[in-house]
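Only this structure's heavy atoms are used, side chains among them; waters, hydrogens and symmetry mates stay out. The chains referred to below are lettered A, B, ... by the order of the sequence lines, with proteins before strands, and numbering in each begins at 1. On a predicted model such as this, the values are computed, not experimentally measured, just so you know.
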Amino acid sequence: MLDIKLIRDNPDIIRADLRKRKDEDKLQVLEDILADDAKWRESNIKADELKARRNTISKEIASIKKAGGDASKQLDQMKDINDEIQKLDEDTRYLKDSVDSKKMILPNILHESVPVGEDDQKNVELRKWGQPPEFDFDLKPHAELAEDLGIADFDRAGRVSGAGFNYLLGDLAYLDLAIINFAAEFMIGKGYTLVEPPFMLKRKPYEGVTDMGDFEDVMYKIEGEDLYLIATSEHPMAAMFQGEIMDEEKMPMKLVGFSPCFRKEIGAHGVDTKGLFRMHQFNKIEQFIFCKPEDSWKYHEELLANTEEMYQLLGIPYRVVNVCTGDIGNLAAKKYDIEAWFPRQDKYGEVASCSNCTDYQARRLGIRMGKVGGKEKTIPHTLNNTALATSRTMVAILENFQNEDGTITIPEVLRKYMGGKELIQ
RNA sequence: GCGGGGAUAGCUCAGCCUGGUAGGGCGCAGGAUUGCUAAUCCUGUGUUGGUAACAACUCGGGGGUUCGAAUCCCCCUCCCCGCGCCA
């Protein structure tokens, strides 16, 4: 959410940004906000004046009654004033609600380094690491490979839970845990605090942490409860300090969350639709930082470097792209995607997404920051990046490290988490 | 799930019975004083509108009664204690 003062004082900044985002529809939302905000202030001022009169008369009544006098004239006046106030308050409230809900629709202000473009085709590649491996045999789709090895059962999962779910069996389940342990240990070593958050959130904090658009189509809801299964541990970590004033002495707060992630929308894209690439449920280790505003760009690079280092240690080729204005989403001021090499698709595919949300997410959540007991308050910045999502990391491992005989070589850094095992066979 | 107790500014507590428009302490900020960054004293402290003066709002949330609600009544949420259930 943007600061209403920025919207009032510098609407041109926002207009220019919306055009860069190709989000022309929201230009009208902005105009509506400006109009309703002006009307709200007018209505609010009128109501305030009447309330001031009401307070004066009320004090008169109190002193007259105390003196044992007759206050019937004042009581009559109060009736009329109260009627008028009630009407004005209704308008004021309506206008305020309108402004508040429309403010949630406007996206964050983009950083100047974000490339302009309408979709992911215009994302700008910043660098590549590693050589895509050459194979002198036909690659198996990762799902087929896993089924042949008896380490995944998609069909039975489909029968009991539906498409988009899976049973990981034996070494693949072990590999999943190994990836989690590797990522957790790596991040803890970097000074991040491991967090296992609630896996469900109430709606209100959920609307604060992200812009879900059509909530019902994206989130799994618990029937009969005000609870939604989380789509990533970013969400409960961001919501953790909802409505609070965070201690600036404790900044930066660096967290690494572990959780399963639940997502309704998985749709089919490209080759090898069956398998682990798009799932309704997967495990993920996620980086999250609360920091002082002046430090957030530094930490944005740190979060990116952490994920890059992990993919380098795993030996999986990847590239980093600067996500363009049309593909960046509402929350981030700037976003890098880390894309791993997927040999079967013969291209790089997203495995991590590194966002600086500046003060946008924190403002939505009502999070402020200051000295304990102090008066000065600012809004902290929030940043997030995937550390490792097990599902896509496993796909990358299965594809990049498969052998002609259908076995899979386990990346060296993961072996100590799998009892020293070197090969899945 | 049942019974009891709670929710008041960053923290902590008073006010509620008996309605008259929120107060103390801590913390924080500024100032005074002292040979000092200690002690003491003074002022300020949340949100919104306003250049400001100032005004309005604010006692977990929503309704109601009343000229007037932190206070009385109803509903809801969350927390604590006990009981029940339970990995």
Side-chain angles (χ1 to χ4, degrees), chain A residues 1-10 33-104 196-208 221-222 224-228 236 239-251 253 260 290 292 359 362-380:
Chain A
M1 189 164 68
L2 300 175
D3 187 352
I4 185 67
K5 287 185 180 127
L6 174 77
I7 299 173
R8 266 178 213 154
D9 300 343
N10 297 294
I33 291 175
L34 290 168
D36 282 354
D37 180 58
K39 277 193 243 166
W40 169 76
R41 275 187 289 172
E42 205 177 298
S43 166
N44 197 34
I45 287 169
K46 271 191 209 159
D48 272 9
E49 282 166 1
L50 285 171
K51 284 172 186 173
R53 269 183 67 198
R54 177 172 70 180
N55 288 342
T56 309
I57 296 172
S58 187
K59 274 176 197 153
E60 280 174 34
I61 293 171
S63 63
I64 290 169
K65 291 217 167 176
K66 226 174 226 169
D70 173 22
S72 55
K73 198 180 95 193
Q74 280 79 3
L75 294 182
D76 281 350
Q77 283 179 21
M78 279 298 241
K79 270 243 152 59
D80 295 342
I81 291 175
N82 274 337
D83 286 349
E84 238 180 299
I85 288 175
Q86 198 178 356
K87 237 185 285 167
L88 274 169
D89 271 353
E90 260 170 53
D91 295 349
T92 309
R93 197 166 174 171
Y94 173 82
L95 290 164
K96 182 82 178 140
D97 286 349
S98 162
V99 170
D100 284 349
S101 63
K102 287 184 179 120
K103 263 198 307 184
M104 294 291 259
E196 188 174 310
F199 298 162
M200 302 178 205
L201 285 180
K202 298 186 197 186
R203 177 139 190 163
K204 187 174 169 254
Y206 229 122
E207 286 175 341
K221 186 179 192 322
I222 305 299
E225 308 267 348
D226 177 26
L227 284 173
Y228 293 81
M240 191 170 175
F241 298 97
Q242 183 192 31
E244 288 194 48
I245 297 171
M246 298 180 75
D247 181 0
E248 67 181 25
E249 298 294 315
K250 292 192 176 140
M251 299 293 165
M253 186 180 282
F290 292 98
K292 294 181 182 174
D359 62 4
R363 189 177 288 107
R364 283 174 81 109
L365 285 160
I367 299 171
R368 290 171 298 169
M369 178 185 82
K371 197 189 277 187
V372 173
K375 197 182 168 187
E376 303 297 320
K377 284 160 204 127
T378 52
I379 298 182

Sugar-phosphate, base or nothing in reach of A:Ile61, heavy atoms under 4.0 Å: base

Side-chain heavy-atom pair A:Ile4, A:Arg8 within 4.5 angstrom cut-off: yes

NZ (A:Lys221) with more than 12 external heavy atoms under 6.0 Å: yes

Whole-Å distance separating the CG atom of A:Asp91 from the P atom of B:rG49: 19 Å

Touch class at under 4.0 angstrom, heavy-atom based, for A:Asp247 against every strand present: nothing

Gap in Å between the two P atoms, one belonging to B:rU77 and one to B:rU18, rounded: 29 Å

Distance, P atom - from B:rU48 to B:rA87, rounded to whole angstrom: 50 Å

Sugar-phosphate, base or nothing in reach of A:Lys46, heavy atoms under 4.0 Å: nothing

Distance, P atom - from B:rU8 to B:rC79, rounded to whole angstrom: 15 Å

A:Lys59 atom NZ, neighbour heavy-atom count above 12 within 6.0 Å: no

Audit row: A:Asp37, A:Lys103, salt bridge (charged side-chain N to carboxylate O under 4.0 Å, His left out) steps and yes/no: CA-CA 11 Å; A:Asp37 180 58; A:Lys103 263 198 307 184; over 6 Å; no

Sugar-phosphate, base or nothing in reach of A:Arg53, heavy atoms under 4.0 Å: nothing

Counterpart base for B:rG84, defined by Watson-Crick or G-U wobble contacts under 3.5 Å: none

Pairing partner of B:rU77 (Watson-Crick or G-U wobble, both distances under 3.5 Å): B:rA7

Atom P, compared across B:rG31 and B:rA38: separation rounded to whole Å: 14 Å

